[in-house]
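Lettering of chains follows the sequences in order, A, B, ..., and the numbering in each one begins at 1. Every value quoted in this text rests on a predicted model; they were computed, and no experiment measured them.
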Amino acid sequence: MGLQAIFFYIFAFVAIAAAFMVISAKNPVHSVLFLILVFFNAAGLFLLTGAEFLAMILLVVYIGAVAVLFLFVVMMLDIDFAELRSGVLQYAPVGILVGLIVAAELVVVIGGSVLTPEAAKSITMPIPNPAERTNTAALGDVLYTNYVYFFQIAGMILLVAMIGAIVLTLRHRQHIKRQDISRQVARTPATAVEVIKVKSGQGL
Amino acid sequence: MDSFFSTYGWPAIVMIGQSLLLLVCLLVFIAYVLLADRKIWAAVQLRRGPNVVGPFGLFQSFADLLKFVFKEPVIPAGANKGVFLLAPLVAVTLALATWAVIPFNTNWVIADINVGLLYVFAISSLEVYGVIMSGWASNSKYAFLGALRSAAQMVSYEVSIGFVIVTVLLCVGSLNLTDIVNAQHTGLGTMMGLPASFLDWHFIPLFPMFVIFFISGLAETNRPPFDLPEAESELVAGYMVEYSSAPYMMLMLGEYAAILLICSLTSILFLGGWLPPVDFWLINWVPGIIWFILKVGLIFFGYAMVKAFVPRYRYDQLMRLGWKVFLPLSLAMVVVTAFVLKLTGWA
């Protein structure tokens with residue numbers, strides 16, 4: 001137990017310190033790099049609780065894909081952070097309100113499961129023994145067997161959103177040379193090459 | 001205190017020892033793989049390749065190592081110093097960290113975790129950061145363009161690699177790399193009544209995925225013909241252009257460690273890892289690690305030959321291949337594999 005506690009405090013401390021650096025770093029690229037560090041430590045915390053699949057998916061999706069896009073955008077755009085930061089205090093009331101709501105909800109959820117564990121358990125799926133069933137398989141059961149329709153609907157909504165985003169940004173430009181591989185492959189010497197006998201001294 | 005040592009201290013010492021042994025073997029292997037790469041390339045072009053240091057140039061990589069270490073690292077004036085020096089470290093650490101879950105023989109693995117394959121996939125998807133950070137921190141247009149190209153390329157080909165991994169996962173039913181190799185004891189060959197042989201390995205039933213994985217691996221590790229990020233003829237050396245001495249060596253080391261990792265992953269997923277090719281007493285007597293190294297070497301030979309043969313892809317062709325050819329193909333294969341497995345009840 002002692003070692004787990006040590007690792008928990010390492011991960012948690014680094015995550016909080018890095019999260020603070022995300023909002024206080026001067027350079028936006030440094031902010032994103034600190035954000036990646038936060039994700040990484042969150043993955044470590046997931047591992048400590050035995051949720052190995054979630055930890056790996058956090059690495060793949062958030063660090064491997066989402067944060068790369070963040071980094072892309074931040075590097076490509078020349079953001080003047082001093083200007084962006086000048087009016088930051090006027091957002092403070094809204095920020096505090098959102099923070100308070102999230103904190104209150106966390107208290108309700110955690111307090112509920114601490115005070116009445118039975119009631120909290122009655123609405124959740126039973127947790128299988130990790131020694132018998134890996135949590136990859138257990139999550140697969142929940143998503144693809146028990147709640148397959150909800151999962152499919154969520155997938156459909158994402159697909160529609162993706163198509164919508166593509167349609168909104170698609171510009172079809174007419175006067176561009178495009179490579180058509182099937183046409184290139186279908187070309188034969190008969191259609192592409194013409195042999196002309198040139199008489200000497202006359203040219204074409 | 002004594003129990004603390006026996007529960008945590010001794011396993012930690014064993015694990016550190018194993019890791020050090022693995023790292024030393026891996027680095028020596030990488031040194032010779034680098035040499036082999038240059039020798040094969042030279043042989044295709046009818047050159048001799050490195051042949052001065054040691055017999056047949058066998059010590060060339062070590063001479064290069066000394067040269068890199070003793071040169072002065074130059075940091076460009078406009079560079080972001082911290083990130084500039086962090087990037088090679090990130091690249092090499094991530095590339096080496098993945099080897100912790102690779103099984104070299106029965107039970108020859110440092111961390112035998114349930115989600116081994118997913119771990120490899122996750123860590124190799126982080127390798128893009130070494131590239132982006134080095135490209136951005138160099139504060140140079142060449143380096144930045146190289147980094148952007150490379151990031152787009154690595155993210156694109158990761159998608160099809162992910163689907164290939166899903167098909168293998170469907171066939172095996174486990175993400176543990178040792179389980180994946182052991183599942184290849186039985187397969188098409190044993191179904192036809194033959195003894196365990198190379199016919200059981202996944203590369204026959206999943207042949208299209210094997211090809212997709214090989215090519216995506218080339219793209220993922222920025223090998224030619226997909227070496228646009230460091231296209232020498234247009235971007236000088238891409239994201240590495242401002243690096244010199246030890247940091248440059250670390251970037252190269254990370255790159256070759258990633259290439260070897262993809263080679264060994266191919267041999268684990270499709271070529272039966274350490275399993276011998278035919279069931280025969282003399283061949284069964286050869287230790288599994290030899291088979292593993294031979295298979296990795298064979299796939300690396302393929303990588304080296306592709307580098308020598310194939311001209312570089314254009315950027316739009318690269319993206320077309322990734323998104324319009326490999327993505328639909330691998331997605332269709334996932335569906336087909338799932339249907340076949342469900343209908344026949346093989347898995």
message: Any non-hydrogen side-chain atom of A/Val68 less than 4.5 Å from a side-chain atom of B/Met154?
response: no
- prompt: Side chain, backbone, both or neither: which part of A/Ala55 has a non-hydrogen atom closer than 4.5 Å to chain B?
  reply: neither
- prompt: Below 4.5 Å, heavy atoms only, C-beta onward: do B/Val83 and A/Val29 meet side chain to side chain?
  reply: no
- line: Heavy-atom closest pair (A/Gly64 atom, B/Glu158 atom, distance to 0.1 Å) is O-OE1, 4.3 Å
query: Between B/Tyr119 and A/Glu52, is any pair of side-chain heavy atoms under 4.5 Å apart?
result: no
message: If I take atom CD1 from residue B/Ile132 and atom CG from residue A/Leu33, how far apart are they, to the nearest 0.5 angstrom?
response: 9.5 Å
- request: Please round to the nearest 0.5 Å and tell me the distance separating atom CH2 of B/Trp136 and atom CE of A/Met76.
  value: 14.5 Å
B/Tyr313, OH: over 12 other non-hydrogen atoms inside 6.0 angstrom: no
- prompt: Can you say whether B/Leu148 sits under 4.5 Å from chain A via the side chain, the backbone, both, or neither, judging by heavy atoms?
  reply: both
Within 6.0 angstrom of A/Phe13 CZ, more than 12 heavy atoms from elsewhere: no
- request: Find out whether B/Tyr129 and A/Ile63 are in side-chain contact, i.e. whether some heavy atom of one side chain is under 4.5 Å from a heavy atom of the other.
  value: yes
message: Please classify the contact between B/Leu126 and chain A as side chain, backbone, both or neither, with a heavy-atom cut-off of under 4.5 Å.
response: side chain
- request: Rounded to the nearest 0.5 Å, what's the gap from CG on B/Asn114 to CZ on A/Phe53? Could you check?
  value: 12.0 Å
- prompt: Which is it for B/Phe121 and A/Met56 under the side-chain contact (heavy atoms from CB on, under 4.5 Å) test, yes or no, and what are the steps along the way?
  reply: CA-CA 9 Å; B/Phe121 185 62; A/Met56 294 303 146; over 6 Å; no
- prompt: Would you say A/Phe40 has more than 12 foreign heavy atoms packed within less than 6.0 Å of its CZ?
  reply: no
- request: Can you tell which part of A/Ile36 gets under 4.5 Å to a heavy atom of chain B, answering side chain, backbone, both or neither?
  value: side chain
message: Counting heavy-atom pairs under 4.5 Å with chain B, which one of A/Leu71, A/Ile57, A/Leu58, A/Leu69 comes out on top?
response: A/Leu71
